[in-house]
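As structure tokens, the structure follows; a few thoughts come after it.
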There are 2 protein chains.
Amino acid sequence: MVVGFDHFIEEFKTALSANQTITFFCHCKIRYSGRAESFLPIGDRVIIIKSDNTLLVHQPDGNNPINYMKPQSQITISKKEDYLLISSRNLQHKDYLDIEVQGVYSFMSYKLEDGQKLLLEGSEKDMSDMIYDNPELISKNFKPLSREEHTKYGFIDVFGHNDKNELIIVECKRYTASLSCVTQLRRYVEKIKELKGTKKVTGVLAAPKISPNAKKMLLDWKFKYKKINPPKRLERYNKDQKTLGEY
Amino acid sequence: MVVGFDHFIEEFKTALSANQTITFFCHCKIRYSGRAESFLPIGDRVIIIKSDNTLLVHQPDGNNPINYMKPQSQITISKKEDYLLISSRNLQHKDYLDIEVQGVYSFMSYKLEDGQKLLLEGSEKDMSDMIYDNPELISKNFKPLSREEHTKYGFIDVFGHNDKNELIIVECKRYTASLSCVTQLRRYVEKIKELKGTKKVTGVLAAPKISPNAKKMLLDWKFKYKKINPPKRLERYNKDQKTLGEY
DNA sequence: TACTACATCTCGCAT
DNA sequence: ATGCGAGGTGTAGTA
């Protein structure tokens, strides 16, 4: 044990009440109960507690936290016979997390100030905007009428018609389209057929790639696939490739 | 600035080459390019680098990392005129992340040892197991034949028949069933009808709750809804309700 | 609040 | 490697 329990409790409580962000390395067991039940046997982890009482437990490998508690949870610490108990409870979500800390290797806390939002380009919304602004990507006769239609019609990415006034529904995916993408499109097409009382509705799936099964189902339903790359994808990679190619 | 750049670089490089887990608080800007493009303006964050070179950037609030890089990325650090540049590249995923560190508040690193896996109960698999072992939850005539049945159009949670040898397909959801759950079930039912050459196939959606639109679509397709709570759900909460927080 | 669909989704499993 | 679906999914947007 590198950090003494008494000293740790002191620091922890002070940081917690000051809404500092806390991180520490420790040797611990973890129990969770809520939407499911879980237990993580003894091992070394890094714990993060944020100013909004979000709690994250990370193992030394992997992307995702192995355990976590949502913001606005209550956090308490108490000393037991031979370990520290850190408890987090979220009564709203009915979530309970207990960390049995058997040793603390290192502790750190600081009041972090950050009000910034991430500026992100390349989402599915950007892709449907691109198609709306460049309808020839779908077909030379495609006339878009609306995008991101959030009505009882369904949430249709791009909605329009061709030069024969036949309706066209476009569903965008920024990754390989699978079976569920086809059923999603199918649901919209059927809803529009029902609402507009017409059978002349074409479904178009716009994606960089489509799986073989999805392609088969798409064709079974007389829908169309249009290979379209989402905007802003791999921009730097493509630039790098170009630069390398110049040498 | 609490930690000097030169000292930080030294510590950082040592920890990185020793595959220690690193966390530090800093004032920084972040750029990402890969599957999308993002920029996060200047602010305070906690950075975590794991032994497998996973990199996480967390703001002082919220559950999810605001930026991240997957395991097995290359990480480098270099000193610029008035900032530190931490670069992470993943050529396999074509991902690029740059952190422009303008100040370091606190730094910590340690070699964490952990080979444990999470033991989790209450997943959808547990729910389909429960139904398989207790078929009367679906109906008194239900005879399950298989679980996790793989078909070309997806895999079926519980598959069986009633006492008239009519096929029954059960799709389990551990949360509120929505439209997409109904289309998923519908896809399986249609595929089984085609494969078995029969029209007598019943789809059953087993979930604790179902949305109104999903319920309507379900009934339109002559499927059945069965209210079933997933196992282990809120075990501690329910116990607490009984024992008034004895735990 | 409930419902819907996206996500730099991630992850595991099976082909 | 790819396809498919679950996730203690989380998160945003809308009615």
Side-chain angles (χ1 to χ4, degrees), chain A residues 32-38 54 62-71 90 93-97 117-118 120-128 148-152 154-157 171-181 184 187-188 209-215 230 232-235, chain B residues 32-38 54 62-71 90 92-97 117-118 120-128 148 150-157 171-181 184 187-188 209-215 230 232-234:
Chain A
Y32 163 76
S33 179
R35 277 169 291 182
E37 305 268 320
S38 77
T54 301
N63 242 295
N64 284 352
I66 190 75
N67 278 114
Y68 59 92
M69 288 289 280
K70 289 182 180 163
N90 193 310
H93 293 288
K94 296 161 190 165
D95 281 327
Y96 300 75
L97 185 90
K117 299 262 185 202
L118 190 72
L120 188 134
E121 291 176 280
S123 65
E124 193 179 282
K125 170 112 185 8
D126 294 325
M127 188 174 173
S128 67
E148 297 280 309
E149 185 94 354
H150 284 242
T151 66
K152 55 188 168 186
F155 299 175
I156 294 168
D157 287 336
E171 173 61 32
C172 304
K173 290 294 164 195
R174 51 200 305 286
Y175 45 84
T176 304
S178 65
L179 289 170
S180 61
C181 303
Q184 187 185 350
R187 178 149 52 86
Y188 300 156
K209 203 162 171 281
I210 186 168
S211 75
N213 283 343
K215 186 72 178 286
K232 295 288 175 187
R233 190 181 164 83
L234 310 181
E235 201 163 73
Chain B
Y32 164 75
S33 180
R35 280 164 289 179
E37 301 269 319
S38 77
T54 301
N63 240 295
N64 284 352
I66 190 74
N67 280 115
Y68 59 91
M69 288 288 280
K70 289 182 178 165
N90 193 312
Q92 196 159 17
H93 293 288
K94 296 160 188 169
D95 282 327
Y96 300 74
L97 186 90
K117 299 262 184 203
L118 191 72
L120 189 132
E121 289 177 276
S123 65
E124 193 180 281
K125 173 122 190 350
D126 294 325
M127 189 174 173
S128 68
E148 310 273 315
H150 284 258
T151 73
K152 236 191 166 186
Y153 273 38
F155 71 90
I156 294 166
D157 287 337
E171 173 61 32
C172 304
K173 292 294 165 192
R174 49 199 304 286
Y175 45 86
T176 304
S178 65
L179 288 169
S180 62
C181 304
Q184 188 185 348
R187 177 149 52 86
Y188 300 157
K209 203 161 171 283
I210 186 167
S211 77
N213 282 343
K215 186 72 178 285
K232 294 287 176 187
R233 192 178 158 82
L234 309 182

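The figures here come from the full heavy-atom set of this structure, side chains too, leaving out hydrogens, waters and symmetry mates.
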Note: A:Glu171-A:Lys173 ion pair, threshold 4.0 Å (strictly below): yes

Nearest-nucleotide 5' precedence on DNA chain D, B:Leu118 against A:Pro212: A:Pro212

Closest-nucleotide 5' rank along DNA chain D - winner of A:Thr176 and A:Ser38: A:Thr176

What is the separation between atom [atom1] on [X] and atom [atom2] on [N], rounded to the nearest whole Å?
X	N	atom1	atom2	value
A:Arg35	D:dG8	CZ	C1'	4 Å
A:Met127	C:dC6	CE	C1'	13 Å
A:Tyr175	D:dG3	OH	P	13 Å
B:Leu179	C:dC6	CG	C1'	16 Å
B:Lys125	D:dA6	NZ	P	14 Å
B:Ile210	C:dT4	CD1	C1'	14 Å
B:Glu124	D:dG8	CD	C1'	13 Å
B:Lys70	C:dA7	NZ	P	14 Å

Under the side-chain hydrogen bond (donor to acceptor under 3.5 Å, both in side chains) test, residues paired with B:Glu37 that sit two or more places apart: B:Ser33

A:Ser180: partners by side-chain hydrogen bond (donor to acceptor under 3.5 Å, both in side chains), with sequence neighbours left out: A:Ser178

Is [X] touching bases, backbone alone, or none of the nucleic acid, heavy atoms closer than 4.0 Å?
X	result
A:Glu171	sugar-phosphate
B:Lys173	sugar-phosphate
B:Ser123	sugar-phosphate
B:Ile66	base
A:Lys209	sugar-phosphate

Could you run down the sub-3.5 Å N/O contacts of the protein with nucleotides 11-15 of chain C?
unit_1, atom_1, unit_2, atom_2, d
C:dC11, OP1, A:Asn63, N, 3.2

Listed nucleotide nearest any side-chain atom of B:Arg187, set D:dG5, D:dG3, C:dT10: D:dG5

Nucleotide of D:dG5, C:dT4, C:dT8 approaching B:Tyr188 most closely (side-chain heavy atoms): D:dG5

Same-atom distance (P) from C:dC6 to D:dA6, integer angstrom: 16 Å

Base C:dT8 paired with B:Asn67 side chain (donor-acceptor, <3.5 Å): yes

Shortest non-hydrogen contact from B:Lys94 toward A:Leu234: CB-CD2, 3.7 Å

Only counting residues at least two apart or in another chain, list the ones meeting side chain to side chain contact (heavy atoms under 4.5 Å, CB included) with [X].
X	value
A:Lys125	A:Ser123, A:Asp129, A:Glu148
B:Lys70	A:Asn63, B:Arg35, B:Asn90, B:His93
A:Pro65	A:Leu56, A:His58, A:Tyr68

Rounded distance [0.5 Å steps], CG in B:Asn213 versus CD1 in B:Ile210: 10.0 Å

side-chain N/O A:Gln184 vs C:dT4 OP1/OP2, d < 4.0 Å: no

